[in-house]
Amino acid sequence: PMKSGLLNPKEKDALPVLNAIIGELLGKAKKDEVCVYCVPAKPIDQTREVSYHEDVLKQIIEGYGYDVKVIEESIALAYEGLVDNDLTGIAISMGAGMCNICVMYSGMSSLSFSVARGGDWIDKNVANDCGCSIAKVIAIKENSQLLDLTKSTINDIYQEGSDDYNIINAIRSYYGALINYLLTNLANQFNN
């Protein structure tokens, strides 16, 4: 039911499927029970809005009897992840469809945005560049014992010439490109 971090506009059964998933996860609310859910920030590099996505999730969750509260994903992560740093720092969520970023100072969000690239963007580009299926890229990315994004060189670690070598190399390259894209956009947001 989801695509690129939001509701899939081409999936006619997206709403019933999402409703069923949420119903299984939450069940019916007990009296005065609150449900806080996360939504992505509006992407700065795509014209899609998040308002409809937010409203649909709210309606579904309210339908199960909950008092609903919404928070942007990166702000929620900042409140959790920056608790030991006086709620000051940068929180980044790298998802399948989008990456969300929040800059927080003393518990106040000073900057929050998303970019419309994530793991799916990596998978698609690696498949295109390596001439293989997206399913093969995902399988290697999720199961390979050879993929180590902390290493700066791969020639000593990976078996050059193997079927997986080019895919692993491309995965590493596109993760670097995604991180560079995030940091470039973060710098641009600061400058603006």
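Heads up: numbering here begins at 1 and tracks the sequence.
- Residues H53 and P40 form a side-chain contact, since some pair of their non-hydrogen atoms from C-beta on lies under 4.5 Å apart.
- No single ILVMFWY cluster, assembled from side-chain heavy atoms under 4.5 Å apart, contains both L77 and Y79.
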Practice task
Test L6 against V39 for side chain to side chain contact (heavy atoms under 4.5 Å, CB included), laying out the working first.
Solution key: CA-CA 9 Å; L6 297 172; V39 295; over 6 Å; no
Exercise for the section: Check the pair M104 / T88 against side chain to side chain contact (heavy atoms under 4.5 Å, CB included), numbers first and verdict last. Expected result: CA-CA 5 Å; M104 186 171 276; T88 299; over 6 Å; no
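- For the salt bridge (Lys or Arg N to Asp or Glu O under 4.0 Å) condition, the pairs that include at least one residue of residues 38-51, sequence neighbours left out, are K42-E49.
- Considering CG of L149 and CD1 of I171, their distance stands at 8.5 Å, rounded to 0.5 Å.
- Among residues two or more places apart in sequence or in another chain, the side-chain hydrogen bond (donor to acceptor under 3.5 Å, both in side chains) test is passed with E54 by none.
- Residue D164 holds its CG atom at 10.5 Å from CG of L147, rounded to the nearest 0.5 Å.
- Residue pairs satisfying the side chain to side chain donor-acceptor pair (under 3.5 Å) criterion with at least one member in residues 30-39, sequence neighbours excluded, are absent.
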Donor-acceptor pairs are to be reported for all side-chain atoms of residues 182-189 against protein atoms at under 3.5 Å, with residues two or more places apart or in another chain.
unit_1, atom_1, unit_2, atom_2, d
T184, OG1, N180, O, 2.8
N185, ND2, Y181, O, 2.9
N188, ND2, T184, O, 3.4

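- Transitive grouping of hydrophobic side chains (ILVMFWY, heavy atoms separated by less than 4.5 Å) brings L178 and I44 into a common cluster.
- Applying the salt bridge (charged side-chain N to carboxylate O under 4.0 Å, His left out) criterion to D86, with sequence neighbours excluded, gives no partner residue.
- Pairs engaging residues 91-115 under the ring pair (Phe, Tyr, Trp, His ring centres under 6.0 Å) rule: none recorded [sequence neighbours left out].
- No continuous path of hydrophobic side-chain contacts links I75 to V70 [ILVMFWY only; heavy atoms under 4.5 Å].
- P1 has its side chain out of reach of N8: every pair of non-hydrogen atoms, C-beta onward, lies at least 4.5 Å apart.
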Donor-acceptor contacts under 3.5 Å from residues 89-102 side chains, at least two apart:
unit_1, atom_1, unit_2, atom_2, d
S93, OG, E73, OE2, 2.3
N100, OD1, A41, N, 3.0

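- Counting side-chain heavy-atom gaps under 4.5 Å among Ile, Leu, Val, Met, Phe, Trp and Tyr, the cluster of V17 also holds I21, L25.
- When every heavy atom of W121 is checked against every heavy atom of A177, the shortest pair comes out as CH2-CB, 4.1 Å.
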Practice task
List the steps, then state whether side chain to side chain contact (heavy atoms under 4.5 Å, CB included) holds for V68 with V36.
Solution key: CA-CA 6 Å; V68 178; V36 180; over 6 Å; no
What pairs of donor and acceptor atoms, side-chain ones from residues 128-141 against any protein atom, are under 3.5 angstrom apart with sequence neighbours left out?
unit_1, atom_1, unit_2, atom_2, d
N128, ND2, K124, O, 3.4
D129, OD2, Y174, OH, 2.4
S133, OG, K136, N, 3.1
K141, NZ, D123, OD1, 2.7
K141, NZ, D123, OD2, 3.4

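- Rounding to the nearest 0.5 Å gives a distance of 6.0 Å between CG of L7 and OH of Y52.
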Practice task
Using the side chain to side chain contact (heavy atoms under 4.5 Å, CB included) rule, take S106 and L87 through it: C-alpha gap first, then chi angles, then the decisive distance, then the call.
Solution key: CA-CA 5 Å; S106 294; L87 297 177; over 6 Å; no
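- Linking Ile, Leu, Val, Met, Phe, Trp and Tyr whenever their side-chain heavy atoms come within less than 4.5 Å puts I179 and V126 in one cluster.
- Note that CD of Q46 is 8.5 Å distant from OG of S114, once rounded to the nearest 0.5 Å.
- Sorted pairs that involve residues 3-28 and meet salt bridge (Lys or Arg N to Asp or Glu O under 4.0 Å), not counting sequence neighbours, are lacking altogether.
- Among residues two or more places apart in sequence or in another chain, the side-chain hydrogen bond (donor to acceptor under 3.5 Å, both in side chains) test is passed with Y64 by N19.
- By the side chain to side chain contact (heavy atoms under 4.5 Å, CB included) test, C35 pairs with L26, I61, Y66, sequence neighbours left out.
- Rounding to the nearest 0.5 Å gives a distance of 3.5 Å between CD of E72 and OG of S112.
- Note on M2 and V50: separate hydrophobic clusters, where clusters join Ile, Leu, Val, Met, Phe, Trp and Tyr whose side-chain heavy atoms are under 4.5 Å apart, directly or indirectly.
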